[in-house]
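Per chain, numbering begins at 1; letters A, B, ... match sequence-line order. All heavy atoms count here, side chains included; hydrogens, waters and symmetry mates do not.
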There are 2 protein chains.
Amino acid sequence: MRDVRAAGKETVPAKRLPTLEDVAARAGVSRATASRVVNADPRVGRSARESVQAAIRQLGYRPNRAARSLVRPDADSIAVVVPEAEERVFSDPFFSAILGAIYTKLADSPVQVLLAVAPPGKRDKIDRYLRGGYTDGAIVVSHHRDDGISDVLREIQLPAVYIGRPHAGDVGLPYVDVDNETGGMLAAQRLIDGGRRRIGTVAGPQDMASGFDRLTGWRRAMAQAGLADDLVEYGDFTAASGGEGMLRLLEREPNLDGVFAASDLMAVSVIQELQGSGITVPEDVAVVGFDDSQMAKLTRPPLTTVLSTTTGMAGAAVEMLLTLLGGGQVEHVILPTELVPRDSA
Amino acid sequence: MRDVRAAGKETVPAKRLPTLEDVAARAGVSRATASRVVNADPRVGRSARESVQAAIRQLGYRPNRAARSLVRPDADSIAVVVPEAEERVFSDPFFSAILGAIYTKLADSPVQVLLAVAPPGKRDKIDRYLRGGYTDGAIVVSHHRDDGISDVLREIQLPAVYIGRPHAGDVGLPYVDVDNETGGMLAAQRLIDGGRRRIGTVAGPQDMASGFDRLTGWRRAMAQAGLADDLVEYGDFTAASGGEGMLRLLEREPNLDGVFAASDLMAVSVIQELQGSGITVPEDVAVVGFDDSQMAKLTRPPLTTVLSTTTGMAGAAVEMLLTLLGGGQVEHVILPTELVPRDSA
DNA sequence: CTGTTAGCGCCTTCAC
DNA sequence: GTGAAGGCGCTAACAG
């Protein structure tokens, strides 16, 4: 398409970008030598090197990555795969934090990041992304049990690391995660220690390990305290689903006095739903979230939540992938979790 | 790197992905014919087409984009360029909204999106991104006067559209923007209509048209109302800078009764700063923000702000770029702005 | 309709 | 140290 921008009927060819050939010609050497200079190959004579460098500067030459990746096994580029709807990925602070950390971590490296967002259902696009040979490896961020991502990755043998433990069935895959189960326990314990007895939870999706494990942790703490763990409703980590879950909880048990929402986003609308019903937080009902995202400080009252270090996960994932790409082996990494007490519980 | 993952010392070559050649062989046709099928070229016999399609399915073939882009003028891929620090891009809801809208808009098209985040100062990486021939066009999101992006774009003749009017000097570039000046007026007017008389503003960066224009609008409304427009402090649209600006404003004029913050993010911390100083919003000081981002509803009191339709801008930008890529001409687009009254002013 | 023939820009043996 | 030559996977004329 680049050559269609014409004034009238004629087609004006786009100014051709300088190629290695041009550089070589200008420097009076062969393509091979020019290539060596570009790739910092030591065995090039001083004068040859200098004239090539000069030519590069004058022409404003940049290697064409497409051509390079065609002939090199590695493409210096990784894909960040997020099997969630676009709107979601860019509005949920959890993803923002993860993405930001990944980009930041890679800021000083020449590695390019390709962000592949895959609305559930149409994996086609991601498939093409991954195949196509554009990328050396992948970081998968929000893995669901049946999204098929791991199958593709396995099939094309693309090194990958998962942020968030893949569900059973995908064992042996390298991943980094926070200790979600302990996190769930911490949340429940906070509520219990605060004297709450009728405690419910708006859990996360059960086809994701994070959702599943947080609920498990909550259950365990409840059991240890001898409390009933029947008050469970499910959301999908989004704000909307949090409010709806709270509503159902309220219908089933108007007298509940504590709620654990498995994500801050859900916690925010849990609080709004509560307050909208004339219920006071934390006096009537205490609320604990999960993630310690930015918004936790903004709610009224400020949200008591569980810190899951997104930056830590992203950083670890990047390092693991780089290790993998370098031919190394990696194990999974589990980061600790921590209660961040504020005023909502 | 893909072939280094070996068990011991030996190098196990990564399973080679199927190529067009393989497909052709399996289907018993020539590469050219296979290629035609892949590209939906009508002039292929029915039986040939079918056997090629079968081969594609059996082999799990996907075209290699790198190879394709090497030989085709267009790469079916656009770059979204954001000359801001990584942390910033992924934490500021304005960017999130824009990016989400762009990805969403392109969800059903085969166009790939390359997100190029360029920390100010090191444009190198972006340069390489843009050159390299990977992309057909670019959408530039947060253009500063001297970031040099437009120069590179012009030099390599890459079709581009700007979200946010480029500063003077870069005239003639296609862009989409909201009517920032009117927005600034709307904000000031709201304060004035509310009976405020000593009104300040935490303005945006003046090397960005959005920052500049919002301030201009505010000034104009103030002048029309016969009020002084000297109470101006500058931020860079981030939360931190908003609080600091408010602090300086308060030092200069402890008795001010209204503030216009040029972004919601700044407005949020303006409110926090105010409340932290024992000042009540909106009773003592009324606050108006800009953007109508998600968080505007979350503050206490909810933030009165100016709606700038990020989705609208992103959508228009994508369409303009696509038009450009198709060889068409485009003009700039200015979207209207609107006051969203809530409780903070 | 289909096959043959050239490259796209780059890197990498292999000779010199 | 340097050049010549071949090929990565694909598409685009050009012939039939």
List, one per line, each side-chain donor-acceptor pair under 3.5 Å for residues 79-88 of chain A, sequence neighbours excluded.
from, atom 1, to, atom 2, distance (Å)
A/E84, OE1, A/R88, NH1, 3.2
A/E84, OE2, A/S142, OG, 2.7
A/E84, OE2, A/H144, NE2, 2.7
A/R88, NH2, A/D236, O, 3.1

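- Stretches of at least 3 consecutive Watson-Crick or G-U wobble pairs, with each checked distance under 3.5 Å, appear in DNA chain C as C:1-16 with D:1-16.
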- [ ] Would you mind building the protein contact string for nucleotides 3-9 of chain C? One character per nucleotide, 5' to 3', B for base within reach (heavy atoms under 4.0 Å), S for sugar-phosphate only, - for untouched.
- [x] BB-BBBB
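- In this structure, A/R49 has no salt bridge (Lys or Arg N to Asp or Glu O under 4.0 Å) partners at least two apart in sequence or on a different chain.
- With sequence neighbours excluded, the residues that form a side chain to side chain contact (heavy atoms under 4.5 Å, CB included) with B/A97 are B/T310.
- Contact between the side-chain N/O atoms of A/S35 and the OP1/OP2 oxygens of C/dC11 is found at a separation under 4.0 Å.
- The salt bridge (Lys or Arg N to Asp or Glu O under 4.0 Å) check on A/D151 picks up A/R154, with sequence neighbours excluded.
- Listed by chain and number, the residues in a salt bridge (Lys or Arg N to Asp or Glu O under 4.0 Å) with B/D177 amount to none (sequence neighbours excluded).
- Residues passing the side chain to side chain contact (heavy atoms under 4.5 Å, CB included) test with B/V111, sequence neighbours excluded: B/I78, B/L106, B/S109.
- A heavy atom closer than 4.0 Å to some atom of DNA chain C occurs in A/N39, these being the qualifying members of residues 39-52 of chain A.
- Taking the ring centroids of A/Y103 and B/F90, they lie under the 6.0 Å cut-off.
- Legend: residues meeting side chain to side chain donor-acceptor pair (under 3.5 Å) with B/E319, ordered by chain and number and at least two apart, are B/K105.
- Every residue meeting the side chain to side chain contact (heavy atoms under 4.5 Å, CB included) condition with B/A316, not counting sequence neighbours, appears here in chain and number order: B/V176.
- Applying the side chain to side chain contact (heavy atoms under 4.5 Å, CB included) criterion to A/D41, with sequence neighbours excluded, gives A/R36, A/R43.
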